[in-house]
A.B. asks: 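I have a structure I would like to understand better, so I am pasting it below and will then ask my questions one at a time.
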Amino acid sequence: MFLSFVILLFLGVPIAYVLGISSLLYILFSGDMLLLESASHRVYSGIQNFGMLAIPLFIFVGEVMNSGGITKRLISFCQVILGHFRGGLAYVNVVANMFLASILGSANAQTAMMSRVMVPAMEKEGYKKEFSSALTVSSALLGPIIPPSLVFIIYGVTAEASIAKMFLGGIIPGFLIGGGLILLIAAISKKEKFPKADRASFKTVVKSFVNVIPALSIPAIILIGILSGVFTATESAAVAALIAMLIGWLLYKELKLKELPKILMNTALNTAIVTFIVAMASLFSWILTFERIPNQVADFLISISDSPFVFLLLINIIFLIVGMFLDGMAAMIILVPILLPVAVQFGIDPIQFGIILCVNLTIGLITPPVGTALFIASSMSNIKIERLSRTLIPFIGVALVALVIITYIPAVTLWIPSLFG
């Protein structure tokens with residue numbers, strides 16, 4: 001199974017097929033017909049979870065935002081507020097990504113969206129294309145960390161942890177990484193003498209703010225609803241979808257009913273991709289459990305050291321490497337059942353552990369050789385992977401510093417969830 005897994009992965013076969021084929025080969029070579037009969041039930045049960053419903057709904061929200069003019073107004077508002085600082089457009093890139101992260105929950109979606117908008121705008125203002133693209137893709141990392149987040153939903157489903165607490169636990173880590181990127185921009189701005197725009201008038205600021213209030217209401221309603229207990233994290237996705245439609249259609253009047261079939265089709269296709277990965281990863285994970293791999297890994301890690309500090313260091317190294325080669329959702333479903341019980345033995349809270357894993361795998365999206373967000377940014381900006389990877393080094397450094405803080409200061413992830421029980 002592992003041999004076929006490695007060979008297929010390096011041949012560039014899509015990860016869902018890699019997981020499915022290697023699992024099927026294991027079952028066939030084992031000769032156990034009971035396993036074969038149970039496989040289809042395992043695939044189905046892997047996606048039969050109410051929390052999974054949030055995935056198509058949040059994907060739908062992102063599609064509606066693009067078509068309904070919400071994204072455009074968020075970026076415009078950030079530009080009015082921050083454009084007059086040196087390197088203002090770079091700050092706009094980070095802050096706009098933070099706003100979008102509070103609605104979309106996907107780094108790949110944000111990378112594609114913002115690369116179309118911000119990279120040409122920054123290049124026009126005199127920024128280097130490599131820097132613009134690197135900043136855009138690294139800022140898009142906030143998508144899976146600031147709630148809502150698709151990887152948080154997958155972790156919650158896999159680990160049977162509270163998705164609402166995962167959402168709350170991601171707030172401070174998201175702002176920590178965003179703040180680190182802003183400090184890096186401030187340092188680079190002085191050296192590179194980045195351009196700045198004229199300060200917007202008070203009237204322009206007020207007009208832009210009033211115009212963006214409906215768009216800002218989407219993340220506000222999501223968080224307030226979850227914190228107050230009015231609806232669950234999954235139900236918040238449905239509420240966000242409805243609000244986004246009403247804002248784009250009735251208030252901004254940019255969402256056309258004739259565009260709905262295309263929006264629904266894109267949502268269905270993206271949901272199918274995610275769901276197929278989850279289903280095949282569930283089958284692969286089930287086989288690992290059947291072979292008692294989690295127990296063997298647990299015994300091995302405990303034999304190395306009985307220190308939580310060392311264990312967390314090993315976890316970060318393992319997941320940073322895994323994130324370079326595997327899709328984050330697939331890695332989550334495969335490895336969480338193996339490593340979470342060990343983390344609990346070391347006294348690590350499942351919510352903190354989940355945030356650590358999600359941040360690790362999110363960093364993997366911008367690291368070669370298989371970082372999907374890296375390839376999206378390279379394709380959208382027409383920059384070679386090698387050049388973009390070199391420019392990304394300081395941005396990855398910021399993310400790694402934030403990861404160390406998240407790993408060894410539990411309050412960063414657990415303080416806000418503790419306020420709400």
A.B. asks: Once rounded to the nearest 0.5 Å, what's the spacing between atom CG of Asn316 and atom OG1 of Thr407?
C.D. replies: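 These two atoms lie 4.0 Å from each other.
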A.B. asks: Looking only at the aromatic ring of each residue, does the gap between the centers of Phe5 and Phe284 stay below 6.0 angstrom?
C.D. replies: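 When the ring centroids of Phe284 and Phe5 are compared, they turn out to be within the sub-6.0 Å range.
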A.B. asks: Restricting to non-hydrogen atoms, name the atom on Thr271 and the atom on Thr267 that form the minimum distance, rounded to 0.1 Å.
C.D. replies: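 Closest pair (atom of Thr271, atom of Thr267, distance): OG1-O, 2.7 Å.
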A.B. asks: State, with a plain yes or no, whether a side-chain heavy atom of Ile315 is found less than 4.5 Å away from one of Phe353.
C.D. replies: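 Yes. Closest side-chain heavy atoms under 4.5 Å.
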A.B. asks: Between Thr204 and Ser201, is there a side-chain donor-acceptor contact under 3.5 Å, judged purely by atom types and distance?
C.D. replies: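 Yes, Thr204 and Ser201 have a side-chain donor paired with an acceptor closer than 3.5 Å.
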A.B. asks: So which atom in Pro350 and which in Val344 form the shortest heavy-atom distance, rounded to 0.1 Å?
C.D. replies: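 Smallest heavy-atom distance, with atoms named: CG-CG2, 4.4 Å.
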A.B. asks: Please find out if less than 6.0 Å separates the ring center of Phe194 from that of Phe131.
C.D. replies: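 Centroid separation for Phe194 and Phe131: below 6.0 Å.
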A.B. asks: Return the orientation label for the Tyr91 and Phe85 ring planes: parallel under 30°, perpendicular over 60°, tilted otherwise.
C.D. replies: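 The arrangement is perpendicular - the two ring planes meet at more than 60°.
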A.B. asks: Rounded to the nearest 0.5 Å, what's the gap from CD1 on Ile213 to CZ on Arg73? Could you check?
C.D. replies: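 So the gap between those two atoms works out to 13.0 Å.
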A.B. asks: Show the nearest heavy-atom pair for residues Ser381 and Ser133, with the distance to one decimal.
C.D. replies: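 Here Ser381 and Ser133 meet closest at OG-OG, 3.2 Å.
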A.B. asks: Give a yes or no on whether Tyr408 atom OH has more than 12 heavy-atom contacts from other residues, nucleotides or ligands under 6.0 Å away.
C.D. replies: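 Counting other residues, nucleotides and ligands, OH of Tyr408 exceeds 12 neighbours.
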A.B. asks: Answer yes or no: does atom CZ of Phe175 have more than 12 heavy-atom neighbours from other residues, nucleotides or ligands under 6.0 Å?
C.D. replies: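 No.
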A.B. asks: Under the side chain to side chain contact (heavy atoms under 4.5 Å, CB included) rule, what do Phe60 and Met245 come out as? Steps first, then yes or no, please.
C.D. replies: CA-CA 10 Å; Phe60 178 75; Met245 280 191 66; 3.6 Å; yes
A.B. asks: Less than 3.5 Å apart, any donor N or O on the side chain of Ser4 or Ser22 sitting next to an acceptor on the other?
C.D. replies: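 No, no side-chain donor-acceptor pair sits under 3.5 Å.
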